[in-house]
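Quick notes on the structure that follows.
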Amino acid sequence: MKRISLVLALGLLAPLGAEAQNFDTIQVRATRVSEGVWMLTGAGGNIGVSAGENGVFLVDDQYAPLTPKIQAALATVSPQAPRFVLNTHWHGDHTGGNENLGKAGALIVAQDNVRRRMSVEQFNEVFNRRTPPSPPAALPVVTFSETVTFYLNGDTIHVFHVPPAHTDGDALVHFRRANVIHMGDTFFNGNYPFVDVSSGGSLEGVIGAADRVLALANPDTKIIPGHGPLADRRALQAYRDMLVQVRDRVRRLIAERKTLEQSVAAKPLADLDATWGRGFINSDRMVTFAYQSLSRR
Ligand SMILES: [Zn+2]
C-alpha cells in the first residue's frame, strides 16, 4: 500500500517533465483490462496497450528512464516491440519514452498540436516552469487534426481529438471491440484535474470530454484515466458532476467581479476538497485553473 501511494505521488508531482525524479524504485506493472488490452502503471501517465497478432500499439510512454522497465512489462504480454505509440498530449510524463521507442522501431502518432508544442519551448504560468523543446527523434512522425483509426489485433482503435480540454492537443482512444477508452489527462480518476491553461486547456473542454465519453460508454466499459486507478462509467460520471459544480461556483464568483485572489480566498470548493483535493491539484489550484479558464475570452 505504501509503495502504491509513493508511485502515485511521483506520478502526479511532475506532470510536465522528469526533473529530479528517481526512477530506480519505480515498478512498471501490466494489468489486463479487457480482451487484448492492458494498462501499464509506473510513474507518469497510465499506459494503454493493445497486443495481438498485428503487433503492439501503445498509448503514451511515461518517462525516458522507465523505457527498459516498460519494455520488460510489455514482454509479459507480447514478444514484439511496440509498432505504434499514440501520444494523448505533449506533457513529458506521457511522451518521455518517445525517443527511445522511436529508435527501437515504433511510429509515433499524435494530434497536430502535440508535435507543434513539443517542437518549441513551453512555459507554464501556474507552475512557473519551462520545458525545453524535445529532441527531433522524440517528435511524432505522423500527426492528425481530428481523428485517426487503427485496425489492429481484431479491434478498431478510434482515436479522436476533442476541443481544448487538458491541453489543446488532447486525443482520446476508443478500443471499440475491447470496450475500453483511454482518456489521457482529460480524466484524473478521484482527483481534481490539472487544466493546463498555458497549453490552451479549458475547464469547459474537460467537462465536454467527459460528456463525450459518457455518451460512448456503457456499464461494462473500462475507462483508463491519465492518472489514478482504472475506472468505469460511474467513476467518470462522479468526476464530471464534480467539475460542473466547480465550474458553476467559480463562474458565480467571476460574475460577482471577484478577483482571482478573492475567489481562491473564498474557498468555494471546501465541501469537495476531502474527496477530490488530496492529489497534486489542491483546492486553490483547482479554483485558479477554473478562474483562468472561465474568465478568458
Ligand atoms: Zn498532462
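None of these values were measured; they are calculated from a predicted model. Note that ligands are numbered from 1 as they come in the structure, with each ligand's atoms numbered from 1 the same way.
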State the atom name: nearest N, O or S atom of His91 to the Zn ion (ligand 1).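 Distance check against the Zn ion (ligand 1) picks out ND1 in His91.
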More than 12 heavy atoms of other residues, nucleotides or ligands under 6.0 Å from NZ of Lys222: is that the case?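 No.
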Examine His166 and say whether one of its N/O/S atoms is closer to the Zn ion (ligand 1) than 2.8 Å.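 Yes.
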Which hydrophobic side chains are connected to Tyr151, either touching it within the sub-4.5 Å cutoff or through other members that do?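 Answer for Tyr151: none, a lone residue.
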State whether Arg117 and Asp112 are salt-bridged, where the test is any N-O pair (Lys NZ or Arg NE/NH1/NH2 against Asp/Glu carboxylate O) under 4.0 Å.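 No, no charged N to carboxylate O under 4.0 Å.
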Check Asp271 with Arg249, please: is the shortest side-chain N to carboxylate O separation under 4.0 Å?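 Judged by the 4.0 Å cut-off on N to carboxylate O distance, Arg249 and Asp271 do form a salt bridge.
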Given OD2 of Asp185 on one side and NE2 of His89 on the other, what angle do they make at the Zn ion (ligand 1), to 10°?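 Taking the Zn ion (ligand 1) as the apex, I get 100° for this pair.
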